[in-house]
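Structure first, then comments.
Remember, it's a predicted structure, so these values are computed and weren't measured experimentally. Labels below follow one simple rule: chain letters A, B, ... track the order of the sequence lines, proteins then strands, and each chain is numbered from 1.
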Amino acid sequence: MNSHIAYPFLTCKENDITSSPWILSLNACEPEAVEQFISGWDYSSKIQFKRTIEINFPQLSITLGIPLKHLNLEIVTILGTGQGRTPRSRSVINRYSIEEGKATYDLTIPCESIQLSRRVKIETHIVIAAIPQNQSPLSPTTIGSKVWKDETDLRLEGNEPRFPMETASFRTMFPNKTYTNSLWYLSWRPEEWDEDFIGSVRLYLNSDHDDFVKRFLNLDLYTHQTVMNDIIIQILSKFLSDTTTEESFDKFEDGSVGSHATNWITSAFPDKSYTSAKSVFEHRPGDFHATILALSNFKRHTKND
Amino acid sequence: MTKLLPRLNAAQVQDLINLSFEYQINEAKNFPSALVSTAIIGASGGSRVQDRELEHLCTTIRTIATDFGYPDLKLTQRQLFEVEVAIFLAGSDLFQSGEGLRDDVWAFIATVLLPDIVIWRHDIKSSSTVVDSDEKLSTNHFKGGVRNTFQRLWLRAKALDRGLNNVNRWELLSTLTEDALVQLIERPSISASSRLSVAIGEGWLRHSKKSESKNMEPIMRRFMVLIRRLNEICLLDYFDDHALNETIDRLFNDASLKN
């Protein structure tokens, strides 16, 4: 309960109710306890929260001053979303009747990710569900009176970088192009090295090739490696051919296309220099392509990290 | 699929207004400007909005504005203009997802796509007025939030929508006074629940009809204090329709008695 609110009626005490943390299931992955930030979320994510509440009903009856047979309570879960101190959108998700002989309640909140924005705030309330016929002078008597409440506020999306991409039918999006039948397409503007990477680079996966998209979304290692290799090769080939980039190397603003190119070069080539990468690119193309292919192996990065 | 919309954070809004606002106003009319094609958008989970969809948004709002005198005449029928824009925004496909709740999305619309309409709507005289420290409210019309020129209208429509099948779907939006709308929408602890907002709007309507001679402004202000206080100790979302309406009427009466 909020300690800064003076309730004009009796409310629950600490030992009347025991609640587990909310457990999050994201995209059918193993459920885990929620942290402050939900990583890997986007509008297409499948998301569900679960928790258990244990209620000592006889004890609660004493705390609230309402005899057991007159005590009618419900658990109500509310989901809020949208930025600001208070969510900009909130609605009741579920109601659970509390029964005298039942102590444990499993709460579930399925979320429509498409309706979420920046944060998820889950409120759990226990409220008076019927006017008690017999009670103490300080007992809550109005339907909806909050006798217990807790809140969990979680951030979505955050500052963690995610590769900008989307799935689309190329037959619809890029009809009659030479690449209509391609598996993927990288949309970007060469030579605009100062532009924001997330805003100016976008990978399109061709949903006309269902098997390929499934493999990609299921994080198939070789599929990812092949696509990433193409992306990095495309960008670095132009970067290293551009006469203006050597001077700006290491000076690009974080998050720009240029800073991504710089990071790839310093990660892939031992002496981390522009000159050495350019030399390999121009004189030993086999080495250059294989080096980038190795760089594109996420499993390698995971192990090394 | 979710339409991913361009975003502009508060610092970027300030930069644009400070550095190149006159230029930006002219650019906005030549859609799409460079700022549109290079804007930051969500990384994944949807489909990048098409330029033609943004262009349609701009064209429609400028067309509505033209009916009310834009660009040459001062806006005199402000409420009618805003109701029309709010209804259009509420029905637009672009804002049906969580993107509509993002401040930075609305900041982009006001600052990059339609700054000329913001200036016309609020009768801002020049760019220097916009950044004048004494005119903070003007900058707020561009930044995201409850005072953003377009976001506030979308929030109003979203909160006071009686539903698709209601023949007088937008009566609350077009009848509540500016003060009543501000009192409601700038209190997200109440307006975040559209069921609660509609019920309060209906209560305001009933009470204003009942007490024609009374000024609803102080009544609504006192009512909002009372209902926010009650909302702290009672879960108003839990009330059934009858109990909710009865409670709202009682609080309007209480607020009215103290007038």
Side-chain angles (χ1 to χ4, degrees), chain A residues 2 5-9 11 41-45 74 76 78 80-92 95 112-118 123 125 127-129 140 142-146 149 156-157 161-168 173 187 189 192 195-196 198-200 202-203 255, chain B residues 1-4 6-8 12 34-48 50 96-105 144-146 151 154-155 158-159 185-197 229-240 243-244 247:
Chain A
N2 287 338
I5 296 173
Y7 287 84
F9 46 75
T11 57
W41 175 91
D42 66 27
Y43 291 118
S44 64
S45 301
E74 277 198 13
V76 183
I78 290 179
T81 191
Q83 69 195 100
R85 195 174 62 80
T86 309
R88 293 246 168 84
S89 173
R90 70 197 286 273
S91 49
V92 172
R95 294 162 57 154
E112 292 282 338
S113 278
I114 194 170
Q115 296 300 332
L116 300 181
S117 181
R118 305 200 73 156
E123 298 170 31
H125 296 268
V127 298
I128 296 291
T142 306
I143 293 177
S145 296
K146 298 175 185 176
K149 172 188 179 183
L156 298 167
E157 210 176 351
R162 302 196 70 198
F163 199 92
M165 64 179 150
E166 71 185 66
T167 304
M173 184 174 260
S187 167
R189 284 178 290 279
E192 301 291 343
E195 283 185 5
D196 181 81
I198 300 272
S200 61
R202 198 157 192 85
L203 175 69
Chain B
M1 181 177 274
T2 309
K3 306 272 185 194
L4 299 174
R7 301 169 180 177
L8 198 69
Q12 292 171 306
L35 279 166
V36 175
S37 54
T38 60
I40 293 171
I41 64 166
S44 59
S47 168
R48 185 180 183 125
Q50 304 283 313
Q96 301 303 320
S97 71
E99 290 283 88
L101 290 167
R102 295 188 64 100
D103 285 357
D104 48 9
V105 161
V146 291
Q151 186 173 5
W154 180 79
L155 285 168
K158 190 170 162 291
I185 301 305
E186 296 195 5
R187 309 286 182 277
S189 63
I190 299 293
S191 64
S193 163
S194 58
R195 178 174 172 258
L196 196 49
S197 299
R229 193 188 295 164
L230 180 63
N231 196 37
E232 291 290 345
I233 58 169
C234 282
L235 189 59
L236 295 175
D237 295 286
Y238 182 78
F239 285 23
D240 63 28
L244 187 58
T247 303

Discussion item. Other residues, nucleotides and ligands only: do more than 12 of their heavy atoms fall within 6.0 Å of CZ on B/R229?
Written reply: no
Worksheet item: Hey, what do you get for CZ (B/R102) to CZ (A/R118), rounding to the nearest 0.5 Å?
Response: 4.5 Å
Worksheet item: Is it the side chain or the backbone of A/E112 that comes within 4.5 Å of chain B heavy atoms, both, or neither?
Response: neither
Practice prompt. Select, from A/P87, A/S44, A/S89, the one with the greatest count of heavy-atom pairs under 4.5 Å involving chain B.
Written response: A/S89
Response to the item:
Note: vs chain A, highest number of non-hydrogen pairs under 4.5 angstrom among B/G46, B/G100, B/G145, B/G144 is B/G46
Worksheet item: Which bit of A/L116 is near chain B, if near means a heavy-atom gap under 4.5 Å: side chain, backbone, both or neither?
Response: backbone
Worksheet item: How far apart are the C-alpha atoms of B/E99 and A/Y43, what are their side-chain angles, what is the distance that settles it, and do they pass the side chain to side chain contact (heavy atoms under 4.5 Å, CB included) test?
Response: CA-CA 9 Å; B/E99 290 283 88; A/Y43 291 118; 2.5 Å; yes
Worksheet item: With a 4.5 angstrom heavy-atom cut-off, which part of A/I78 approaches chain B: side chain, backbone, both or neither?
Response: side chain
Worksheet item: Rounded to the nearest 0.5 Å, what separation is found between the CG atom of B/L230 and the OG atom of A/S145?
Response: 8.5 Å
Discussion item. Could you go through A/H125 and B/D237, starting from their C-alpha distance and side-chain angles, then the distance that decides it, and tell me whether this counts as side chain to side chain contact (heavy atoms under 4.5 Å, CB included)?
Written reply: CA-CA 11 Å; A/H125 296 268; B/D237 295 286; over 6 Å; no
Worksheet item: What's the shortest heavy-atom distance between A/R202 and B/L4, and which atoms?
Response: NH2-CD1, 3.0 Å
Fill in: Electrostatic pair B/D103-A/R88, nearest N-O below 4.0 angstrom
yes
Response to the item:
Honestly, the part of B/L155 sitting under 4.5 Å from a heavy atom of chain A is side chain
Worksheet item: Who wins among A/A129, A/G80, A/G82 for the most heavy-atom pairs under 4.5 Å with chain B?
Response: A/A129
Item to complete: State the CG-CD1 distance between B/L235 and A/I143, to the nearest 0.5 angstrom.
Response: 12.5 Å
Discussion item. Within this structure, what is the CZ-OG distance for the pair A/R90 and B/S189, rounded to the nearest 0.5 Å?
Written reply: 8.0 Å
Practice prompt. Output the distance between atom CD (B/Q96) and atom CD1 (A/I114), rounded to the nearest 0.5 Å.
Written response: 9.0 Å
Discussion item. Strictly distance-based, threshold 3.5 Å: is any side-chain N or O of B/Y238 a donor or acceptor partner for the main-chain N or O of A/K146?
Written reply: no
Item to complete: Heavy-atom distances under 4.5 Å only: say whether A/T142 touches chain B with side chain, backbone, both or neither.
Response: side chain
